[in-house]
S.K.: 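Below you'll find the structure I mean.
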Amino acid sequence: MLDRIHLLAAVTVLGVLEQAYFFLQVIYARRLFGISPPKISGPPEFERTFRAQVNSSEYFPIFLALLWQAGLFFHQGLAAALGLVYLYARYCYFVGYKASSSERLAPIYLSAGVLWILTAVSALGILHSLLSHYLALNILQLFTA
C-alpha cells in the first residue's frame, strides 16, 4: 500500500512546509511593522503578506483532499506532479502578493486551474471505481476498445 501513496505523502509534507513558511513570513512582517496579534491591519505591505497567507491556508484543505483523491483513485504520479505545480503556483502567488496585489493574479489562475484538473481526475477516478465495483463496468476498456 505504501508504494501507492509515497509520492502523495511527499507532496503533502512539502505543502505543510510551505504553509509553515507562509506563517513565518506573517510573524516576521508583524515584527517588522510592529503589529501585535490579534490586529490584522497595518501598512499595505503587512496586509498583503497577511492576506496571502490566509488565502493560501483557506485553499490548503481543498488542495489536500483533491490531491489524495486524485492520487488514490486515478494516478499517484499525475496527482503528485499536479500537486507540485500547485505548490509552486501558491509560492509564486504568495511572493507576488507580498510585492503587489496585481502580481498575485497569474499564479492564482494557475493554482485554480490545477485544482480544477485535480477535481476532474478525482471525479473520473471515483466514477471508474464506483462503476467497476457496483456495475462491473470498466470504463477504461470502453475508451481503449
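Every value quoted in this text rests on a predicted model; they were computed, and no experiment measured them.
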S.K.: Kindly compute the distance separating CZ (F73) from CG (L130), expressed to the nearest 0.5 Å.
M.R.: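 CG of L130 is found 7.5 Å from CZ of F73.
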S.K.: May I ask you to list the residues sharing a hydrophobic cluster with W116, side-chain cutoff 4.5 Å, ordered by chain and number?
M.R.: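 W116 shares its hydrophobic cluster with no other residue.
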S.K.: Indicate the atoms forming the closest heavy-atom contact of Q69 with S122, along with that distance.
M.R.: CB-OG, 3.6 Å
S.K.: Sequence neighbours left out, what passes side chain to side chain contact (heavy atoms under 4.5 Å, CB included) with V54? Give chain and number order.
M.R.: F50, R51, E58
S.K.: My understanding is that only residues two or more places apart in sequence, or in another chain, count here; which of them pass ring-ring contact (aromatic ring centres under 6.0 Å, His included) with F63?
M.R.: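 ring-ring contact (aromatic ring centres under 6.0 Å, His included) list for F63, sorted by chain: Y86.
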S.K.: Is there a path from Y88 to Y59 through hydrophobic residues (I, L, V, M, F, W, Y) whose side chains come within less than 4.5 Å of each other?
M.R.: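 Y88 does not cluster with Y59.
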S.K.: Sort and list the pairs that fulfil side chain to side chain donor-acceptor pair (under 3.5 Å) and have at least one residue in residues 93-105, not counting sequence neighbours.
M.R.: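 The answer is Q25-K98, N55-Y93, S100-S102.
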S.K.: Please report, to 0.1 Å, the donor-acceptor pairs under 3.5 Å made by any side chain of residues 8-23, with sequence neighbours excluded.
M.R.:
from	atom 1	to	atom 2	distance (Å)
T12	OG1	L8	O	2.8
T12	OG1	W68	NE1	2.8
Q19	OE1	S57	OG	3.2

S.K.: Consider only side-chain heavy atoms of I, L, V, M, F, W and Y, link residues closer than 4.5 Å, and tell whether V85 and F94 are in one cluster.
M.R.: no
S.K.: Using the rule that Ile, Leu, Val, Met, Phe, Trp and Tyr join whenever any side-chain heavy atoms are under 4.5 Å apart, tell me whether L110 and I108 fall into a single cluster.
M.R.: no
S.K.: Please output the side-chain donor-acceptor pairs of residues 26-43 that fall under 3.5 Å, not counting sequence neighbours, one pair per line with the distance.
M.R.:
from	atom 1	to	atom 2	distance (Å)
R30	NH1	I35	O	3.3
R30	NH1	K39	O	2.7
R30	NH2	K39	O	3.0

S.K.: How would you list, by chain and number, every residue that makes a side chain to side chain contact (heavy atoms under 4.5 Å, CB included) with L135, sequence neighbours excluded?
M.R.: L131, L137
S.K.: So, taking the atom named CD1 in I62 and the one named OG1 in T119, what distance separates them when rounded to the nearest 0.5 Å?
M.R.: 9.0 Å
S.K.: Donor-acceptor check, side chain of S56 to backbone of Q53, threshold 3.5 angstrom: yes or no?
M.R.: no
S.K.: Drop me the distance from R4's CZ to H75's NE2, to the nearest 0.5 angstrom.
M.R.: 10.5 Å
S.K.: Between A89 and P107, what is the shortest heavy-atom contact and its length?
M.R.: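 Where A89 meets P107 most closely, the heavy atoms are O-CB, 3.4 Å.
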S.K.: Please check if atom OH in Y91 has more than 12 non-hydrogen atoms from other residues, nucleotides or ligands closer than 6.0 Å.
M.R.: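 Not more than 12 within 6.0 Å, no.
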S.K.: Any chance you could measure L67, atom CG, to L72, atom CG, to the nearest 0.5 Å?
M.R.: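 Going from the CG atom of L67 to the CG atom of L72 covers 9.0 Å.
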S.K.: When clusters are formed from ILVMFWY side-chain contacts under 4.5 Å, directly or step by step, what else is grouped with L7?
M.R.: none
S.K.: Do the side chains of V114 and F60 join up, straight or via other hydrophobic residues, at under 4.5 Å, putting them in one cluster?
M.R.: yes
S.K.: Check I5 against Q76 and note the closest heavy-atom contact, atom names and distance.
M.R.: C-OE1, 3.1 Å
S.K.: Who are the side-chain hydrogen bond (donor to acceptor under 3.5 Å, both in side chains) partners of T49, not counting sequence neighbours?
M.R.: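 Testing T49 for side-chain hydrogen bond (donor to acceptor under 3.5 Å, both in side chains), a comparison that skips the adjacent residues, returns none.
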S.K.: Taking atom CZ of F74 and atom CG of L127, what is their separation to the nearest 0.5 Å?
M.R.: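 Between F74 CZ and L127 CG, I get 11.5 Å after rounding to 0.5 Å.
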